[in-house]
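Reminder, nothing fancy here: chain letters follow the sequence lines and each chain counts from 1.
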There are 2 protein chains.
Amino acid sequence: MGKEVQESKALDGGATFADDELVRSGRDADVTRRALVRAARRRFATEGYRATTVRHIAADAGVNVALINRYFGSKEGLFEACMNRTVDELDPQTRARASSVDEVIARLLTHVVEAPNADDPLQLLLLLRSSGDENADAIRRRTLERFTEQLAAAAGWSADVPASQPLLLRAQMAIALMLGLVMLRTATEVQPLASASAEQLTEPLESVLRVLLDTRN
Amino acid sequence: MGKEVQESKALDGGATFADDELVRSGRDADVTRRALVRAARRRFATEGYRATTVRHIAADAGVNVALINRYFGSKEGLFEACMNRTVDELDPQTRARASSVDEVIARLLTHVVEAPNADDPLQLLLLLRSSGDENADAIRRRTLERFTEQLAAAAGWSADVPASQPLLLRAQMAIALMLGLVMLRTATEVQPLASASAEQLTEPLESVLRVLLDTRN
DNA sequence: TACCCATGTCAACAATCGTTTACATGCTCG
DNA sequence: CGAGCATGTAAACGATTGTTGACATGGGTA
């Protein structure tokens with residue numbers, strides 16, 4: 001497939017993405033691919049892998065169904081692409097060394113409840129949605145474990161504590177809390193959690209995360 | 001030439017839940033119904049609603065597929081039956097008035113990590129699995145909210161504090177933590193959380209739940 | 001211009017899903 | 001015993017799924 005062409009289209013974004021439609025003016029494979037990935041991520045995250053159909057994804061993206069197989073090989077290929085993009089967007093944020101546990105916690109809360117971008121919490125949900133495919137599931141599992149290690153490392157660094165087994169477990173509990181929270185808020189939409197404001201959630205979450213991740217107590 | 005417990009044939013390569021006990025000796029509608037519900041709950045909880053097929057459930061239960069529609073009307077009817085049974089088993093435990101917050105926490109941990117019955121954690125997962133049907137989903141949502149209120153009440157009682165909005169949110173965070181935990185342990189099977197022992201998990205979980213639910217601090 | 005390949009469209013495929021229908025079998029009771 | 005209902009079995013149906021191949025079209029290039 002040709003690849004040298006227009007990479008700089010909407011990647012860096014000043015773009016503030018007005019993207020409801022993401023005007024696919026002409027025929028542009030890259031734009032089509034991105035539109036598909038974005039529509040797919042929303043569907044996969046909110047409805048799960050099996051429940052979302054390729055025809056729905058294509059309709060959301062305003063694209064012909066056959067193009068999914070052309071550009072991603074299969075539905076599972078599209079799912080893998082979605083997860084890889086999630087990893088790419090998640091990794092730099094977690095790799096950046098934090099100066100304190102509070103900063104790590106603040107970053108977590110930013111992703112989960114404060115939601116600068118409406119799709120940010122959904123990215124995390126992808127890590128819970130199984131595709132049933134062993135390959136994609138392995139990626140998913142490994143991503144979660146890497147995420148754990150980075151979170152534990154960030155927490156341990158600030159106290160100069162080696163990432164021990166208990167610390168890994170505590171980091172994974174923090175992730176479990178975040179994932180369960182997003183799940184209940186966006187997928188199940190249980191009240192009053194779903195309609196709670198960020199201010200109502202930050203204070204209790206902060207104290208809980210501090211108990212889990214702060215090794216100084 | 002009774003078929004006794006017929007093994008689930010290799011419908012897919014994956015692990016199948018052979019229903020070991022509960023031998024359906026003769027033709028007994030009640031036994032059949034129970035076998036179906038139990039097999040269905042395991043499948044629904046671990047693989048989600050859409051991903052589980054009625055043929056898999058029937059094979060697990062050692063029962064003909066058509067009996068699902070005979071006894072439960074439809075796949076969704078079976079799902080509702082599963083959830084109702086979960087509610088019935090969950091309700092008395094949460095209704096029982098606790099003498100202290102620690103007792104409430106101990107009960108939660110019993111359900112989630114100590115697992116006297118291997119299916120206990122899976123029951124909770126059912127509350128996260130959407131069927132896509134609006135009716136079943138409403139039941140699910142309402143069950144979660146009732147569960148929240150009872151948990152908040154149990155926590156508030158011990159300190160004679162009225163169940164306020166923040167307390168409800170904190171109770172729901174505790175539920176989110178539990179659900180995420182079970183999800184990562186049983187469905188995603190992420191390490192080291194999945195193979196962690198109950199002793200490794202109880203101590204951090206206790207302190208976290210105390211921060212969330214104990215109104216005395 | 002005329003070609004050519006990337007891109008997109010359309011229709012149909014095979015597989016699988018939930019469900020239904022018709023039939024077989026066993027238990028209960030007159 | 002044997003009629004009758006409850007229970008279980010087998011096969012097929014229609015709908016939907018992911019996927020594919022043949023065909024249309026646009027835009028850049030020789």
Fill in: Backbone N/O of T52(B) and side chain of K75(B): donor-acceptor pair under 3.5 Å
yes
Practice prompt. Report yes or no: do T86(A) and R41(A) form a side-chain donor-acceptor pair below 3.5 Å?
Written response: yes
Item to complete: For H56(B) and dC17(C), give me the distance from atom NE2 to atom P, rounded to whole Å.
Response: 7 Å
Item to complete: Could you check how far CZ of R55(B) sits from P of dT20(C), rounded to whole Å?
Response: 13 Å
Item to complete: Measure from the side-chain heavy atoms of L67(A) and tell me the nearest of dG8(C), dA12(C), dT20(D).
Response: dG8(C)
Worksheet item: Starting at CZ of R70(A) and ending at C1' of dT20(D), how long is that distance when rounded to a whole Å?
Response: 11 Å
Worksheet item: Does dG8(D) have OP1 or OP2 sitting under 4.0 Å from an N or O in the side chain of T32(B)?
Response: yes
Item to complete: Let me know the distance between CG of D133(B) and C1' of dT19(C), rounded to the nearest Å.
Response: 16 Å
Worksheet entry | Separation of atom CG in D28(B) from atom P in dC27(C), rounded to whole Å | 11 Å
Worksheet entry | Side-chain donor or acceptor of R129(B) paired with backbone N/O of R50(B) under 3.5 Å | no
Discussion item. Nearest to the side chain of R27(B), heavy atoms from C-beta on, is which of dG8(C), dG8(D), dT19(C)?
Written reply: dG8(D)
Practice prompt. Indicate whether OP1 or OP2 belonging to dG8(D) is found under 4.0 Å from a side-chain N or O atom of N64(B).
Written response: no
Discussion item. Counting only side-chain heavy atoms from C-beta out, which of dT7(D), dA12(D), dT9(C) sits nearest to A29(B)?
Written reply: dT7(D)
Worksheet item: Nearest-Å distance, CZ (F72(A)) to P (dT7(C))?
Response: 13 Å
Worksheet item: Between R141(B) (side chain) and T188(A) (backbone), is there a donor-acceptor pair under 3.5 Å?
Response: yes
Worksheet item: With nearest nucleotides of DNA chain D determined for A66(B) and S74(A) from heavy-atom distances, which residue corresponds to the more 5′ nucleotide?
Response: A66(B)
Worksheet item: Can you check the E76(B) CD to dG18(C) P distance for me, whole Å?
Response: 11 Å
Worksheet item: Would you say the side-chain atoms of E145(A) and Q191(B) include a donor-acceptor pair closer than 3.5 Å?
Response: no
Item to complete: Provide, to the nearest angstrom, the distance between the OH atom belonging to Y71(B) and the P atom belonging to dT9(D).
Response: 10 Å
Worksheet item: Which one, dT19(D), dG18(C), dT7(D), comes nearest to the side chain of N69(A)?
Response: dT19(D)
